[in-house]
Asks: 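Pasting a structure below so you can have a look.
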Amino acid sequence: MNLEVFLFYAFAMLAIGSALLVVSLKNTARALFLFFITLFSMAGLFLFALADFVAITQIMVYVGGVLILMIFAFMLSNKELLADLQNISGSFLSLPSWQSVLLAIGFFVVILIGLKEWNNDMPEWILSNIKSGDIILPNDNNIQQLGIKFMTQYVLPFEVISIFLLMALIGAAHLSRKEENR
Amino acid sequence: MITLTHFLVVSACIFCIGLYTVIAKRNAIMILIGIELMINAAILNFVAFSKYDKTNYGGQVFALFAIVLAAASVAVGLAIILNVYRHYKTINPDNITDLRD
């Protein structure tokens, strides 16, 4: 087992374990901070798929923006935050409701069965790209290629998504504004 | 050697954890976290498949688009949650039953 595989398994264990803790902790504040670790290790997993720019974007957007926003919303919407943090007595983990556990595990089994069937005949394009050596290698210049693709081949989705982001941010600011006296 | 199957199994695990969160939790913020976990699993799939597509870089480009979509959905969702909290004084989705005042 070389170092790459070992690190991959370490990141995968970290991601899955902290995600399991996030959903099983009773205290929402602790779960939010554990969510940091899940997102960081997901960014580490992106690196193993040779997507360095996506990994950095994940850290910047999620950890820098989304999580701070979530913590703000949690603090603004929970009067019992401090009482919650001090009240550690009682059960530490919240009991799972067995119906949802059953549903999630069943879905997981369905995905795994599908994956097993899928492994027997991979799509044509993956096999042909492997044969012709048209796959991303660790010493490729990814970010430059991505920039060129964004401005040539994917320029229409890029513009659509920027307009969409602008609309969503204006909408969020409008929604969360204090209402005037009517 | 890390194959495609490794990535797919990890993302299936993360997706099912997110699904469980969305179904089981009684807190709107935790439900939003579950949605984020599911989106992250999908992004991991995109990125893993993109390794075999050097001519188009389609997976990585659309992974970035998905990250932007997730950020926008979180911004709007949290604004809605704050409004709902101001109105109902709770963020448990089970208690929010009225459409009008």
Side-chain angles (χ1 to χ4, degrees), chain A residues 4-5 8 12 15-16 19-20 22-23 28 31 35 38-39 42 45-46 48-51 53-54 57-58 61 65-66 69-70 73-74 76-77 96-97 100-101 103-105 107-108 111-112 115 119 126 129-130 134-136 145-146 149-150 153-154 157 161 164-165 168-169 171-172 175-176, chain B residues 1-2 4-10 12-21 23-25 27-30 32-34 36-37 40 43-44 47-57 59-65 67-76 78-83 85 91:
Chain A
E4 190 192 3
V5 178
F8 178 84
I16 296 171
L20 278 176
V22 164
V23 301
T28 310
F35 193 50
T38 312
L39 292 178
M42 289 297 278
L45 287 180
F46 294 167
F48 285 98
L50 304 179
F53 188 67
V54 182
T57 312
Q58 159 105 350
V61 171
V66 168
L69 214 62
M70 276 185 169
F74 173 66
L76 286 175
S77 70
S97 63
S100 27
V101 170
L103 199 60
I105 290 177
F107 200 74
F108 184 61
I111 292 179
L112 280 192
L115 196 57
N119 260 337
I126 289 183
N129 277 2
I130 288 176
D134 205 12
I135 60 177
I136 297 178
Q145 285 301 318
L146 264 182
K149 290 292 174 198
F150 262 125
Q153 191 175 354
Y154 297 106
I161 208 100
F164 173 81
L165 189 61
L169 291 184
L175 272 178
S176 57
Chain B
M1 184 62 195
I2 303 166
L4 193 51
T5 316
H6 287 79
F7 286 106
L8 298 186
V9 170
V10 172
C13 287
I14 300 282
F15 187 87
C16 288
I17 294 169
L19 185 69
Y20 167 75
T21 319
I23 301 168
K25 286 291 176 179
N27 183 340
I29 293 178
M30 287 308 284
L32 216 53
I33 285 184
E36 291 304 306
L37 280 177
N40 248 304
I43 293 170
L44 185 60
V47 161
F49 274 101
S50 157
K51 196 177 175 183
Y52 299 98
D53 182 22
K54 194 180 178 178
T55 46
N56 287 324
Y57 276 89
Q60 293 195 15
V61 170
F62 278 89
L64 289 171
F65 289 157
I67 288 177
V68 172
L69 284 180
S73 77
V74 163
V76 176
L78 286 179
I80 291 173
I81 288 174
L82 281 186
N83 262 355
Y85 177 73
I91 51 172

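Values below: all heavy atoms of this structure, side chains included; hydrogens, waters and symmetry mates excluded. Numbered from 1 within each chain, the chains take letters A, B, ... in sequence-line order.
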Asks: Please identify, among B:Val74, B:Val61, B:Val68, the residue contributing the most non-hydrogen atom pairs under 4.5 Å to chain A.
Replies: B:Val61
Asks: Which region of B:Ile33, side chain (C-beta onward) or backbone (N, CA, C, O), has a non-hydrogen atom less than 4.5 Å from a non-hydrogen atom of chain A, or is it both or neither?
Replies: both
Asks: Which residues pass the salt bridge (Lys or Arg N to Asp or Glu O under 4.0 Å) test with B:Lys54, not counting sequence neighbours?
Replies: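 Salt bridge (Lys or Arg N to Asp or Glu O under 4.0 Å) check on B:Lys54 returns A:Asp140.
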Asks: Hey, what do you get for CE (A:Met70) to CD1 (B:Ile81), rounding to the nearest 0.5 Å?
Replies: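 Output value for this atom pair is 7.5 Å.
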Asks: For B:Ala79 and A:Leu175, work out which heavy atoms get closest and say how close.
Replies: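 Closest pair (atom of B:Ala79, atom of A:Leu175, distance): CB-CB, 3.9 Å.
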Asks: For the residue pair B:Phe7 and A:Phe8, is the inter-centroid distance of their aromatic rings smaller than 6.0 Å?
Replies: yes
Asks: So, using side chain to side chain donor-acceptor pair (under 3.5 Å) as the criterion, who are the partners of A:Thr38 when residues are at least two apart?
Replies: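 For A:Thr38, the residues satisfying side chain to side chain donor-acceptor pair (under 3.5 Å) (neighbours in sequence not counted) are A:Ser18.
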Asks: Select, from B:Val47, B:Ile29, B:Thr21, B:Asn40, the one with the greatest count of heavy-atom pairs under 4.5 Å involving chain A.
Replies: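 Heavy-atom pairs under 4.5 Å are most numerous for B:Asn40.
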Asks: Considering only heavy atoms, which portion of A:Leu115 lies under 4.5 Å from any heavy atom of chain B: side chain, backbone, both, or neither?
Replies: side chain
Asks: How close do B:Val10 and A:Ala12 get, heavy atom to heavy atom, and via which atoms?
Replies: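 In this case the closest contact between B:Val10 and A:Ala12 is CG2-CB, 3.7 Å.
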Asks: Could you check whether any side-chain N or O of A:Tyr154 sits under 3.5 Å from a backbone N or O of B:Asn56, counting only pairs where one atom can act as donor and the other as acceptor?
Replies: yes
Asks: Measure distances from A:Leu39 to the heavy atoms of chain B and classify the residue's part below 4.5 Å as side chain, backbone, both or neither.
Replies: side chain
Asks: Is B:Leu32 close to chain A through its backbone or its side chain, or both, or neither, when contacts mean heavy atoms under 4.5 Å?
Replies: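 Both the backbone and the side chain of B:Leu32 come within 4.5 Å of chain A.
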Asks: CD1 of B:Ile67 to OG1 of A:Thr57: how many Å apart, nearest 0.5 Å?
Replies: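 B:Ile67 CD1 to A:Thr57 OG1: 5.5 Å, rounded to 0.5 Å.
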Asks: If I measure from the heavy atoms of chain A, does B:Ile14 come under 4.5 Å with its side chain, its backbone, both, or neither?
Replies: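 Side chain only.
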Asks: Please report the shortest heavy-atom distance between A:Leu50 and B:Lys51, naming the atom on each side.
Replies: CD1-CE, 3.9 Å
Asks: Could you go through A:Phe35 and B:Leu37, starting from their C-alpha distance and side-chain angles, then the distance that decides it, and tell me whether this counts as side chain to side chain contact (heavy atoms under 4.5 Å, CB included)?
Replies: CA-CA 9 Å; A:Phe35 193 50; B:Leu37 280 177; 3.7 Å; yes
Asks: So which heavy atom on B:Lys25 is nearest to which on A:Val23, and how close?
Replies: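 What the structure gives for the nearest pair is NZ-O, 2.8 Å.
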Asks: Of all heavy-atom pairs between A:Ala73 and B:Leu78, which one has the smallest distance, and what is that distance?
Replies: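 Smallest heavy-atom distance, with atoms named: CB-CD2, 3.5 Å.
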Asks: Of all of A:Ala31, A:Gly171, A:Pro157, A:Gly65, which one pairs up most often with chain B through heavy atoms under 4.5 Å apart?
Replies: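 Ranked by contacts with chain B, first place is A:Pro157.
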Asks: In Å, rounded to the nearest 0.5 Å, how long is the span from CD of A:Gln145 to CD of B:Gln60?
Replies: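 Reported to 0.5 Å precision, the distance equals 10.5 Å.
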Asks: Let me confirm one number: the CD1-CG distance from B:Ile23 to A:Leu103, rounded to the nearest 0.5 Å.
Replies: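 Those atoms lie 4.5 Å apart.
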Asks: Among the options A:Asp134, A:Asn119, A:Leu169, pick out the one with the most heavy-atom pairs lying under 4.5 Å from chain B.
Replies: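 Most heavy-atom pairs under 4.5 Å with chain B: A:Asp134.
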Asks: Which bit of A:Leu112 is near chain B, if near means a heavy-atom gap under 4.5 Å: side chain, backbone, both or neither?
Replies: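 For A:Leu112, the side chain is the part near chain B, not the backbone.
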Asks: Given heavy-atom pairs under 4.5 angstrom as the criterion, report whether the side chain, backbone, both or neither of B:Leu19 touches chain A.
Replies: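 For B:Leu19, the contact with chain A is made by the side chain alone.
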Asks: Under 4.5 Å heavy-atom distance to chain A, tell me which part of B:Asp53 shows up: side chain, backbone, both or neither.
Replies: both
Asks: Determine whether more than 12 heavy atoms belonging to other residues, nucleotides or ligands lie under 6.0 Å from atom CZ of A:Phe150.
Replies: yes
Asks: Report the distance from atom CD1 of A:Ile126 to atom CZ of B:Phe49, rounding to the nearest 0.5 Å.
Replies: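 The CZ atom of B:Phe49 is 5.0 Å from CD1 of A:Ile126, to the nearest 0.5 Å.
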Asks: Less than 4.5 Å to any heavy atom of chain B: does that hold for the side chain of A:Glu4, its backbone, both, or neither?
Replies: both
Asks: I need the residue from A:Asn129, A:Val54, A:Ile111, A:Val66 with the largest number of non-hydrogen atom pairs under 4.5 Å to chain B.
Replies: A:Val54
Asks: Taking side chain as everything from C-beta outward and backbone as N, CA, C, O, which of these in B:Phe15 sits under 4.5 Å from a heavy atom of chain A? Side chain, backbone, both or neither.
Replies: side chain
Asks: Restricting to non-hydrogen atoms, name the atom on B:Ile17 and the atom on A:Ile16 that form the minimum distance, rounded to 0.1 Å.
Replies: CD1-O, 3.9 Å
Asks: Counting heavy-atom pairs under 4.5 Å to chain B, which of A:Phe46, A:Phe48, A:Phe53, A:Phe164 comes out on top?
Replies: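 Heavy-atom pair counts peak at A:Phe46.
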Asks: Measure A:Leu20 against the heavy atoms of chain B and call it side chain, backbone, both or neither at under 4.5 Å.
Replies: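 Both parts, heavy atoms under 4.5 Å.
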